[in-house]
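Notes follow once the structure below has been shown.
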Amino acid sequence: MKTLIREFCAPFAVAVAMSLAVAGVANAACLDNRQIQQAVASGEIMSLAQVLSSAGIGSNAEVLSVQVCDEGGRLVYVIGVLTPEGEARNLVLSAT
């Protein structure tokens, strides 16, 4: 029963968490996938792997969503992750 509840609630928790992360940078302009790739290729921003590594987040982290947004003149990654406990969390990490 506990597993069934967790499976049912997890998508809802993820959706709520993602909306809260986006709300935090709601007034910010976000890059599309092509712009993100170009920014990484040009060295303007770090790759997702570099950002996660510099934040001490292991490669086994379950990433749910990724956005790169301009937050007050600086580019940040808004990353939705799932913790080992099944909890959705939002991270806002500097992209530079």
Side-chain angles (χ1 to χ4, degrees):
M1 181 70 166
K2 194 174 190 179
T3 303
L4 180 60
I5 291 171
R6 180 179 286 167
E7 287 179 24
F8 177 75
C9 292
F12 177 73
V14 170
V16 169
M18 300 311 343
S19 65
L20 291 174
V22 173
V25 290
N27 295 328
C30 296
L31 283 61
D32 63 30
N33 289 339
R34 182 184 52 77
Q35 291 170 317
I36 294 170
Q37 290 172 343
Q38 289 175 340
V40 169
S42 72
E44 181 182 357
I45 65 172
M46 292 187 286
S47 70
L48 177 62
Q50 291 170 314
V51 169
L52 291 174
S53 176
S54 69
I57 300 166
S59 60
N60 61 344
E62 189 170 343
V63 176
L64 303 172
S65 67
V66 177
Q67 288 185 303
V68 175
C69 301
D70 182 323
E71 182 182 63
R74 70 183 184 115
L75 291 175
V76 296
Y77 274 92
V78 180
I79 308 166
V81 296
L82 192 62
T83 68
E85 295 79 26
E87 202 175 309
R89 296 260 171 122
N90 295 309
L91 307 173
V92 179
L93 304 171
S94 176
T96 56

Can you confirm whether V92 sits close enough to E71 that some side-chain heavy atom of one is under 4.5 Å from a side-chain heavy atom of the other? yes
Those residues at least two apart in sequence (or on a different chain) that pass side-chain contact (heavy atoms from CB on, under 4.5 Å) with T83 are E85, E87, R89
So which atom in N90 and which in G80 form the shortest heavy-atom distance, rounded to 0.1 Å? OD1-CA, 3.9 Å
In Å and rounded to the nearest 0.5 Å, what is the CZ to CG distance from R74 to D70? 10.0 Å
Please name the pair of heavy atoms, one in C69 and one in V78, separated by the smallest distance, quoted to 0.1 Å. SG-CG2, 4.4 Å
Could you grab the distance from atom CG of L75 to atom CG of L31, nearest 0.5 Å is fine? 6.0 Å
Residue pairs meeting side chain to side chain donor-acceptor pair (under 3.5 Å), one or both in residues 45-54, sequence neighbours left out, come to S47-Q50
Nearest heavy atoms of Q67 and C30, plus distance in Å: NE2-SG, 4.2 Å
Yes or no on side chain to side chain contact (heavy atoms under 4.5 Å, CB included) for V68 and V76, after CA distance, side-chain angles and deciding distance? CA-CA 6 Å; V68 175; V76 296; over 6 Å; no
Over all heavy atoms of both residues, which pair between A88 and L64 is shortest? Give the atoms and the distance, please. CB-CD1, 4.5 Å
Under 6.0 Å from the CG atom of D32, do we count more than 12 heavy atoms belonging to anything else shown? yes
Going by side-chain contact (heavy atoms from CB on, under 4.5 Å), name the residues that satisfy it together with Q38, two or more places apart in sequence or in a different chain. R34
Give, for atom CG of L91 and atom CD1 of I79, the distance between the pair rounded to the nearest 0.5 Å. 5.5 Å
Between Y77 and M46 (side chain of the first, backbone of the second, donor and acceptor by atom type, cut-off under 3.5 Å), is there such a pair? yes
